[in-house]
Amino acid sequence: QVQLVESGGGSVQAGGSLRLSCAVSGYFVSPTCMGWFRQAPGKEREGIAVIGTYTDYADSVKGRFTISRDYAKNTLYLEMNSLKPEDTAMYYCAAKISRSGGCNLRADFTYWGRGAQVTVSS
């Protein structure tokens, strides 16, 4: 059973930066694909970044956010720069073991963290 625990959320002013971390544990086979999703109040969950063999980003964060993975530390990161008030949301880490369906923003992820709140004030 893969376990994902997010950290690093918080409050920041517009234009600021935050780095989210996601600690990964409990697996026998390393996830082939990991991603970050977010959900704002009253809105659907949005896939914003994934990493497998390659990375992929939603247009809304492209050029501002960077996803990375440290295999030695079993940790996934999301570096967020030039934050905007519209980035305010609960951010979730996700993982999948199977290669079926590929690694992209529309993939079906099996494992999810509990989320970390990011609030950006204007």
Side-chain angles (χ1 to χ4, degrees):
Q1 182 78 3
V2 177
Q3 296 170 347
L4 307 173
V5 180
E6 301 94 338
S7 61
S11 298
V12 64
Q13 290 193 323
S17 299
L18 280 174
R19 187 176 78 161
L20 297 179
S21 299
C22 174
V24 187
S25 64
Y27 59 87
F28 291 101
V29 177
S30 180
T32 61
C33 178
M34 297 196 69
W36 288 99
F37 293 73
R38 69 184 181 186
Q39 187 166 21
K43 294 189 176 181
E44 291 189 354
R45 187 175 64 196
E46 173 190 20
I48 57 173
V50 294
I51 183 167
T53 303
Y54 307 102
T55 58
D56 191 20
Y57 296 91
D59 289 342
S60 58
V61 306
K62 198 170 293 183
R64 299 188 298 122
F65 291 10
T66 302
I67 188 171
S68 62
R69 184 175 177 183
D70 188 328
Y71 287 88
K73 294 183 178 181
N74 294 324
T75 303
L76 179 74
Y77 300 101
L78 184 69
E79 187 75 36
M80 304 183 291
N81 298 313
S82 303
L83 283 161
K84 306 175 181 180
E86 51 264 43
D87 293 318
T88 295
M90 185 71 79
Y91 283 70
Y92 298 91
C93 170
K96 62 193 293 278
I97 304 296
S98 172
R99 295 186 183 277
S100 175
C103 185
N104 53 71
L105 295 174
R106 293 156 300 284
D108 186 14
F109 285 81
T110 308
Y111 304 101
W112 295 84
R114 292 190 174 186
Q117 178 68 39
V118 171
T119 302
V120 185
S121 58
S122 58

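If you read the sequence from its start, that first residue is 1, and numbering goes on from there.
Atom CD of Glu46 sits about 4.5 Å away from atom CZ of Arg38, to the nearest 0.5 Å. Taking CZ of Phe109 as the reference point, atom SG of Cys103 lies at 5.5 Å (rounded to 0.5 Å). To the nearest 0.5 Å, atom CD of residue Gln117 and atom OG of residue Ser11 are 7.5 Å apart. If you take CE on Met80 and OG1 on Thr66, they are separated by 11.0 Å, rounding to the nearest 0.5 Å. Between the OG atom of Ser7 and the OH atom of Tyr77 there is a distance of 9.0 Å, given to the nearest 0.5 Å. The OH atom of Tyr92 sits 12.5 Å away from atom CG of Leu20, with the distance rounded to the nearest 0.5 Å.
Residues Ser30 and Tyr71 have side chains in contact (heavy-atom distance under 4.5 Å, counting atoms from C-beta outward). In this structure, the side chains of Trp112 and Phe37 come closer than 4.5 Å at one or more pairs of heavy atoms. With contacts defined as side-chain heavy-atom distances shorter than 4.5 Å, the pair Arg69/Val24 does not qualify. At least one side-chain heavy atom of Leu78 sits under 4.5 Å from a side-chain heavy atom of Ile48.
Listed here is the closest heavy atom pair of Ser122 and Ala14: CA-CB, 4.3 Å. The minimum heavy-atom distance linking Leu105 with Val50 is given by the pair CD2-CG1, 3.9 Å. Contact detail for Gly47 and Ala58: the closest heavy-atom pair is O-CB, 3.5 Å. Lys96 and Gly102 get closest at one heavy-atom pair: NZ-O, 3.0 Å. For the pair Met90 and Gly115, the tightest heavy-atom approach, listed with the atom from each and the gap, is SD-C, 3.7 Å. Of all heavy-atom pairs spanning Ala116 and Glu6, the tightest one is CB-CB, 3.9 Å.
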Start with the C-alpha gap between Asp56 and Tyr54, add the side-chain angles, then the distance that decides, and say whether side-chain contact (heavy atoms from CB on, under 4.5 Å) holds. CA-CA 7 Å; Asp56 191 20; Tyr54 307 102; over 6 Å; no
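Outside the 6.0 Å centre-distance limit, the rings of Phe65 and Trp36 are not counted as a close aromatic pair.
Under the 4.5 Å side-chain heavy-atom criterion for ILVMFWY residues, no single connected hydrophobic cluster contains both Tyr91 and Val5. The hydrophobic clustering, which links ILVMFWY residues whose side-chain heavy atoms are closer than 4.5 Å, places Tyr111 and Ile67 together.
Lys62 and Asp59 are joined by a salt bridge, as a carboxylate oxygen and a charged side-chain nitrogen come within less than 4.0 angstrom of each other.
Between the side chain of Thr75 and the backbone N or O of Lys73 there is at least one donor-acceptor pair closer than 3.5 Å.
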